[in-house]
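Here's the structure we're looking at; comments come further down.
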Amino acid sequence: MLHFGILGNPVKHSKSPLIHNAWLKKSGVNGNYDYILVENQEDLAKVFNELQSKDFTGVNVTVPYKNEILTIAQNAGFRITREVEEIGAANTINFKTKEVINTDSYGFSKIYSPNEGDHILVIGAGGVAPAIIYSCKKANITITNRTIAKAEELAERFMCDLYAGELSKLDLSNFDAIINATSLGLNNEDIPLNYKTLQKYTICVDTIYNPRATPFLQNAQKKGCKVQNGTMMLIHQGAKSFQNWTGLMPNIQTAENLLKDFLL
Ligand code: NDP
């Protein structure tokens, strides 16, 4: 039997076990995908070694360990891809090939892909933001964040523009797309944007999938904008991990059926 899991803190809210266990069954792979809660960062290296010695095939890594896991894996002699190096974070470990990959950028590219030279606004500079910026390299990106120093670091690293002013004062009319990469909306909080300046040609994307329409997406819908939430990103990043571990691309529709309540 093959063993997989989602490693992070918290993990119980994750839909990954639901999706991956359905994919394992449907693909005829004898395996199990579990929750792996790691409460303290000091235990992360120990857990990594245990998973390896317990013959795990692979794990997904979520908050708050997407950066820290890289150092641990590298110290253990794992190979990191160029993409992971550029993004600076990983969400997938393959214990068999001793490889560390990032499938968040792939997942995001399946929900939104800019045209060459598009102007896009990325709000947020946490764990997922660099993967989004990486996948939108073709665009002219403006990045902003509550903690400006974090946005500044990303803006420098990816050569993006920085918006360091008050979000509510930013004119949105020049953006082809606006991406919410913050956790604002998870508890139905709105992003303090000047929606009066939002135009209907601007595509609005939220990485959040629960609630399926955050106040940001609801406001955008009212303006007639095309909107997209994070459900398909979640599914596609998972599919790419599954493919890396098993060599099989799983059925996307199976996951869509399971998460139909979260599809927009
Ligand atoms: P992090 O915890 O690493 O980052 C959180 C981000 O949200 C930071 O930019 C933080 O700003 C900002 N933020 C949090 N609270 C507030 C607030 N009250 N006001 C303004 N900004 C705030 O999380 P991740 O980057 O990992 O995840 C971000 C979002 O992306 C989450 O909602 C998560 O659910 C979603 N996600 C979706 C995925 C999918 O597959 N659909 C995959 C991964 C993430 P600051 O730096 O100032 O703290």
Side-chain angles (χ1 to χ4, degrees), residues 6-20 41 60-70 87-92 101-112 121-136 141-155 160 162-168 170 178-193 204-217 227-242 252 255-256 258-259 261-264:
I6 172 103
L7 182 157
N9 182 21
V11 284
K12 272 292 171 197
H13 66 286
S14 172
K15 301 284 176 216
S16 293
L18 177 72
I19 303 172
H20 281 277
Q41 182 160 318
N60 285 127
V61 182
T62 186
V63 279
Y65 302 128
K66 285 183 178 181
N67 305 106
E68 185 58 25
I69 202 75
L70 266 189
I87 294 170
N91 75 329
T92 306
I101 65 170
N102 188 311
T103 67
D104 281 334
S105 60
Y106 170 84
F108 187 78
S109 73
K110 290 288 186 180
I111 65 166
Y112 172 71
L121 174 67
V122 175
I123 309 167
V128 81
I132 290 173
I133 295 170
Y134 180 88
S135 91
C136 292
I141 301 171
T142 299
I143 175 160
T144 189
N145 189 46
R146 176 178 63 179
T147 308
I148 289 301
K150 282 164 71 183
E152 213 169 349
E153 189 274 317
L154 285 184
C160 306
L162 172 74
Y163 177 74
E166 242 176 82
L167 203 47
S168 60
L170 180 61
I178 299 173
I179 297 150
N180 178 28
T182 75
S183 40
L184 270 181
L186 282 176
N187 295 310
N188 276 309
E189 319 92 307
D190 199 358
I191 308 176
L193 292 168
C204 292
V205 185
D206 207 318
T207 51
I208 292 172
Y209 58 88
N210 186 14
R212 71 175 180 178
T214 56
F216 164 56
L217 292 191
V227 299
Q228 179 72 60
N229 74 7
T231 306
M232 292 310 292
M233 175 184 176
L234 175 79
I235 292 174
H236 283 287
Q237 61 79 23
K240 196 74 178 166
S241 300
F242 189 94
I252 298 297
E256 282 187 50
L258 287 169
L259 297 187
D261 290 347
F262 301 100
L263 290 171
L264 201 58

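Reckoned from all heavy atoms, side chains included, excluding hydrogens, waters and symmetry mates. Counting convention: from 1, in listed order, for ligands and their atoms alike.
Atoms of ligand 1 lying under 4.0 Å from at least one heavy atom of I208, given by number and element, are 32 (O). Near L234, with a cut-off below 4.0 Å to any heavy atom, the atoms of ligand 1 are 40 (O), 41 (N). Within ligand 1, counting atoms from 1 as listed, the ones closer than 4.0 Å to a heavy atom of G127 are 1 (P), 3 (O), 24 (P), 25 (O). Here is the list of ligand 1 atoms found below 4.0 Å of a heavy atom in G124: 9 (O). For ligand 1, the atoms closer than 4.0 angstrom to any heavy atom of K150 are 45 (P), 46 (O), 48 (O).
In this structure D104 satisfies the salt bridge (Lys or Arg N to Asp or Glu O under 4.0 Å) test together with K66, sequence neighbours excluded.
Side chain of N180 to main chain of L184: a donor-acceptor pair is present (N/O by atom type, distance under 3.5 Å, no hydrogens or angles). A donor-acceptor distance shorter than 3.5 angstrom exists from the side chain of T144 to the backbone of Y163, with no hydrogens or angles considered. Put simply, the side chain of D206 never gets that close to the backbone of L217: no donor and acceptor are under 3.5 Å apart. Side chain of N229 to main chain of F262: a donor-acceptor pair is present (N/O by atom type, distance under 3.5 Å, no hydrogens or angles). In this structure, the side chain of S14 engages the main chain of S16 through a donor-acceptor pair within 3.5 Å. A donor-acceptor pair is defined here as one N or O able to donate and one able to accept, closer than 3.5 Å; no such pair exists between the side chain of E152 and the backbone of K150. Of the possible polar contacts, one joining the N102 side chain to the A89 backbone as a donor-acceptor pair under 3.5 Å is found.
If you look at L184 next to ligand 1, the close heavy atoms, those under 4.0 Å, all belong to the side chain. Both the backbone and the side chain of S183 come within contact range of ligand 1, each with a heavy atom under 4.0 Å. Contacts with ligand 1 closer than 4.0 Å are made by heavy atoms of both the backbone and the side chain of T147. Contacts between V63 and ligand 1 below 4.0 angstrom, taking non-hydrogen atoms only, involve the side chain exclusively. Contacts of A181 with ligand 1, taken as heavy-atom pairs under 4.0 Å, involve the backbone alone. Heavy atoms from both the backbone and the side chain of R146 come within less than 4.0 Å of ligand 1.
Atom 43 (C) of ligand 1 has its closest protein heavy atom at V128 CG2, 3.5 Å. For atom 30 (O) of ligand 1, the closest non-hydrogen atom on the protein side is T207 OG1, 3.0 Å. The protein heavy atom nearest to atom 11 (O) of ligand 1 is N145 OD1, 3.2 Å. Here the protein heavy atom with the shortest distance to atom 29 (C) of ligand 1 is T182 O, 3.4 Å.
Not close to ligand 1: G107, with no non-hydrogen atom less than 4.0 angstrom away.
Atom 33 (C) of ligand 1 lies below 4.0 Å from none of the non-hydrogen atoms of the protein.
Note: Q237 CD to S109 OG = 11.5 Å, rounded to the nearest 0.5 Å. Between atom OG1 of residue T207 and atom CZ of residue F108 there is a gap of 8.0 Å, rounded to the nearest 0.5 Å.
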